[in-house]
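I have placed the structure first, in the form of structure tokens, so that the comments after it can refer back to it.
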Amino acid sequence: MSIRYVSSVKHASAPSFKSTLLSTANSGLYAASRMMWALSIQKQLPRIFSKLTKSGTPVIAILVTMIGGLPGLLSEYFEADVIFKNLLGVAAFTMVIVWMSICWSQFNFRRQWLKDGHSLADLKLKTPWFPFLPIAGFICCGVTAISMAADPEMLAGFIGCLIFMAACYISYYTLYHRN
């Protein structure tokens, strides 16, 4: 069964789709570059990212953001599935590690809070089932990370995430860490 006018609607919406895609890419580039600029102003990124042109454009931050977007463009020349899975793997592993650190931080914070003689009732934010919940969350995230690393299609993303994390720590300790 065919639907009338589908071809006309499809061809008419193509220019709209392209402009929507470009608008989305532009707003993402704007947000990411301004975020880098703001982090630089707060001294959480190197000062070079806070340099502005006469018109107020953070060109260095924009260029670095565009370099970060290059893997998406590479999908034109390589298998898009492979690049997508690797980028997804890097993002997924990063998020799993972030959640593991949140669970670990909550556990350590509340344990130290109790050691210092305070009560959990004194805290404004209640965490149910402490200490079980942060420990269970950490273990579940760890199992997720291990299962993702065991998947051959996600291994490159796992390695990419580890390299990215190492680069973040190395840059922090070389640029900002004071004894």
Side-chain angles (χ1 to χ4, degrees), residues 16-78 80 83-113 116 118 120 122-127 130 133-134 137-138 141-142 144-145 148-149 154 156-179:
S16 173
F17 176 74
K18 289 177 184 175
S19 65
T20 302
L21 184 66
L22 287 173
S23 175
T24 303
N26 186 46
S27 66
L29 178 64
Y30 179 85
S33 63
R34 292 315 188 271
M35 186 177 296
M36 289 180 77
W37 173 81
L39 288 170
S40 178
I41 293 293
Q42 296 173 354
K43 298 182 181 172
Q44 294 179 1
L45 279 178
R47 188 176 298 155
I48 193 159
F49 296 112
S50 62
K51 303 273 187 211
L52 300 174
T53 63
K54 290 180 183 177
S55 62
T57 306
V59 175
I60 303 294
I62 290 173
L63 290 174
V64 170
T65 304
M66 290 173 70
I67 290 169
L70 282 178
L73 295 176
L74 293 176
S75 65
E76 281 293 317
Y77 303 103
F78 300 104
I83 292 175
F84 177 76
K85 286 178 185 175
N86 289 330
L87 290 174
L88 180 65
V90 170
F93 280 116
T94 304
M95 289 310 300
V96 168
I97 290 169
V98 165
W99 278 105
M100 287 176 78
S101 67
I102 290 170
C103 292
W104 185 260
S105 297
Q106 276 297 317
F107 177 77
N108 284 335
F109 167 74
R110 291 176 189 279
R111 187 177 59 170
Q112 187 63 43
W113 182 263
D116 290 343
H118 301 287
L120 292 178
D122 297 339
L123 295 171
K124 291 181 181 178
L125 178 64
K126 309 294 185 224
T127 299
F130 177 80
L133 194 59
F138 186 85
C141 287
T144 301
M148 290 169 70
M154 299 290 277
F158 177 70
I159 293 169
C161 178
L162 292 178
I163 292 170
F164 176 73
M165 287 177 45
C168 288
Y169 277 109
I170 289 168
S171 66
Y172 170 77
Y173 280 105
T174 56
L175 297 172
Y176 299 106
H177 189 68
R178 308 261 191 269
N179 290 332

Do other residues, nucleotides or ligands put more than 12 heavy atoms under 6.0 Å from the CH2 atom of W99? no
Which distance, rounded to the nearest 0.5 Å, do you find between the OG1 of T65 and the OH of Y30? 12.5 Å
Interatomic distance, CG@L125 vs CZ@R110, rounded to 0.5 Å, equals 5.5 Å
Look at the rings of Y169 and Y173 and say which category their plane angle falls in: under 30° parallel, 30 to 60° tilted, over 60° perpendicular. parallel
Heavy-atom pair of closest approach, residues V96 and A145: CG1-CB, 3.8 Å
Please round to the nearest 0.5 Å and tell me the distance separating atom OG of S50 and atom CG of L52. 7.0 Å
If every non-hydrogen atom of I62 is compared with every non-hydrogen atom of R34, which pair is closest and at what distance? CD1-NH1, 4.3 Å
Any side-chain to backbone donor/acceptor pair from S40 onto M36? Under 3.5 Å, distance only. no
Side-chain heavy atoms of I97 within contact of T94, under 4.5 Å: no
Please give me the minimum heavy-atom distance between M154 and M148, naming the atom from each residue. CB-O, 3.2 Å
What are the two closest heavy atoms between S33 and P58, and how far apart are they? O-CG, 4.4 Å
Closest approach of C168 and S171, non-hydrogen atoms and distance? O-OG, 2.9 Å
For L162 and F93, run side chain to side chain contact (heavy atoms under 4.5 Å, CB included): C-alpha distance rounded to whole Å, both residues' side-chain angles, the deciding distance at 0.1 Å, then the answer. CA-CA 9 Å; L162 292 178; F93 280 116; over 6 Å; no
Side chain to side chain contact (heavy atoms under 4.5 Å, CB included) between K51 and V59, worked out: CA-CA 8 Å; K51 303 273 187 211; V59 175; over 6 Å; no
Is there a side-chain contact between F130 and L123 (heavy atoms, below 4.5 Å)? no
Within the distance-only criterion (no hydrogens, no angle test), does the side chain of T57 pair as donor or acceptor with the backbone N or O of T53 below 3.5 angstrom? no
When rounded to the nearest 0.5 angstrom, what is the spacing between SG in C161 and CD1 in I159? 11.0 Å
So with a 6.0 Å cut-off around CG of L63, is the heavy-atom count from everything else above 12? yes
When you compare the side chains of N108 and Q112, does any donor N or O come within less than 3.5 Å of an acceptor on the partner? no
